[in-house]
Asks: 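The structure is given below, and queries will be raised subsequently.
Along the sequence shown, the residues carry numbers beginning at 1. Values below: all heavy atoms of this structure, side chains included; hydrogens, waters and symmetry mates excluded. As the structure lists them, so they are numbered: ligands from 1, and atoms in each ligand from 1.
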Amino acid sequence: MGHLGGTKRIGVLTGGGDAPGLNAVIRAVTKTAVLEYGWSVLGFQDGFEGVIHDRWVELTLDSVRGILPRGGTMLGASNRCNPFAYAAPGDPEPRDYSATVLERLAQHGLDGLVVIGGDGTMTVAHRLHGLGVPLVGVPKTIDNDVRGTEVTFGFDTAVNTVTDAIDKLHTTAESHHRVMIVEVMGRTAGWIALHAGLAGGADVILIPELPFSLDQIRATIRRRQQLGRHFTIIVVAEGAAPAGGEAIYEQIGPLPYQRRYGGIGEWLRAQLAETIPQEVRCVVLGHLQRGGSPTARDRMLGSVMGAAAVDLIAAGTWGYMVGVSSDLAGHRPHAVIPVPLAEPSRGPRLVPVNHAVLRAAREMGIAFCDGAPKAE
Ligand code: F6P
């Protein structure tokens, strides 16, 4: 499909779990389509479920008014709907609904579709594009683990929420001389744990990329004790695991990414409680990290990415997602780049072991308990 001129109609949907900033993208897609290009916009509800079951709303300048500060997504999301293997009510088992997606676009006269989602949704989008669906992607996740973009909206809000929790836990941990474990989200990537751990001044950060040693955690707690610091804050990513051990998750579907992580904090608490004199407690922040009003940075990022997605459609750049490259502090202007959807389909973007934030944390004495020296 070539350049889109004239009056056109596009669709938008939010797949996967929600993330703060989704409404900023929906608003930006709508405003850009209407104001810059003179197009109309239809929003499918609950991700691909809305496409399959034909649930949608008209998106207008009026309907997106006031949604910028709101968390979640005004369209609803679904992270259980893969149109290539979906069990609709009444289906005895999952079946392929990809042809329905094409039919639905034709039925509504849609010239293009904006698919907003994480790596799972981008993988689905890539396959649909291969079948001829004219679409572009906008990566989203609090986990910051989508390949092809250095940053996703939602991450900053989650990191701020976790940092605030670590600040609060510091005062009570110190008062009670406790070891406090904070389990955070992130699936197989340690971005949230690393960034919030550094920002919140954690003593130990455990991430999936660096298998940890229980002995080293105990030694760190003992060393702090000897220095007169009778409390320790440990941030553990939900996907972290001890060396030689497995991450703790529940497999909730046949695909590799259909895993529900959780439990490593409590496991760690039990292991430590048996072997150290201090009381050890665990806090699981869970979905608090996905909720709440997006930070200014996430609203800005969502707006930039939403507008860029419509520009991609206008240029007929099908099969790409909006990638953003950012410097560490985000002070330089963001560079927005089209990234082929094959890229996020290659699996999650993990924390490189030589990453600047990881190096800084090590150099400052934060323990990763992975056997590596403090600083390279
Ligand atoms: O991908 C975002 C995320 O919040 C992960 O950090 C977490 O493992 C997962 O989603 C939880 O998903 P659900 O809400 O479906 O349990």
Asks: Backbone, side chain, both or neither: what part of Ile192 comes under 4.0 angstrom of ligand 1, heavy atoms only?
Replies: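 Ile192 to ligand 1: no contact under 4.0 Å from either part.
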Asks: Considering only non-hydrogen protein atoms, determine which one is nearest to atom 15 (O) of ligand 1 and report residue, atom name and distance to 0.1 Å.
Replies: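 Atom 15 (O) of ligand 1 sits closest to the protein heavy atom Asn79 ND2, 2.9 Å.
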Asks: Could you identify the single nearest non-hydrogen protein atom to atom 2 (C) of ligand 1 and state the distance to 0.1 Å?
Replies: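 Going atom by atom, the protein heavy atom closest to atom 2 (C) of ligand 1 ends up being Asp143 OD2, 3.3 Å.
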Asks: Look at ligand 1 and say whether Gly186 reaches it with a heavy atom at a distance under 4.0 Å.
Replies: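 The answer is yes, since Gly186 has a heavy atom less than 4.0 Å from ligand 1.
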Asks: Show, in sequence, the C-alpha distance, side-chain angles and deciding distance for Tyr86 and Phe48, and conclude whether the side chain to side chain contact (heavy atoms under 4.5 Å, CB included) test is met.
Replies: CA-CA 10 Å; Tyr86 174 66; Phe48 283 107; over 6 Å; no
Asks: Specify the protein heavy atom at minimum distance from atom 7 (C) of ligand 1: its residue, its atom name, and the distance to 0.1 Å.
Replies: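 Here the nearest protein heavy atom works out to Glu238 OE2, 3.4 Å.
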Asks: Which heavy atom of the protein is the closest neighbour of atom 3 (C) of ligand 1, given with residue, atom name and distance?
Replies: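 Minimum-distance protein heavy atom for atom 3 (C) of ligand 1 reads Arg290 NH1, 3.4 Å.
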Asks: Do Trp191 and Leu350 come within less than 4.5 Å of each other through their side chains, counting heavy atoms only?
Replies: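 No, too far: nothing below the 4.5 Å cut-off.
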Asks: Mark up the atoms of ligand 1 that fall under 4.0 Å of a heavy atom belonging to Ile142, in ascending order.
Replies: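 Counting from 1, the qualifying ligand atoms are 4 (O).
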Asks: Check the pair Asp54 / Gln107 against side-chain hydrogen bond (donor to acceptor under 3.5 Å, both in side chains), numbers first and verdict last.
Replies: CA-CA 10 Å; Asp54 203 17; Gln107 171 196 333; 3.0 Å; yes
Asks: With a cutoff of 4.0 Å, is His287 in contact with ligand 1, counting heavy atoms of the residue only?
Replies: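 Contact check His287 vs ligand 1: positive.
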Asks: Could you give me the CA-CA distance, side-chain angles and deciding distance for Ser98 and Asp96, then say whether side-chain hydrogen bond (donor to acceptor under 3.5 Å, both in side chains) is met?
Replies: CA-CA 6 Å; Ser98 55; Asp96 185 352; 2.7 Å; yes
Asks: Between Asp203, Val280, Val204, Val182, which is the residue that forms a side chain to side chain contact (heavy atoms under 4.5 Å, CB included) with Ile234?
Replies: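 Running side chain to side chain contact (heavy atoms under 4.5 Å, CB included) over Asp203, Val280, Val204, Val182 with Ile234 returns exactly one hit, Val204.
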Asks: Taking 4.0 angstrom as the limit, do Glu238 and Arg260 come out as a salt bridge?
Replies: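 A salt bridge is absent here (no side-chain N lies under 4.0 Å from a carboxylate O).
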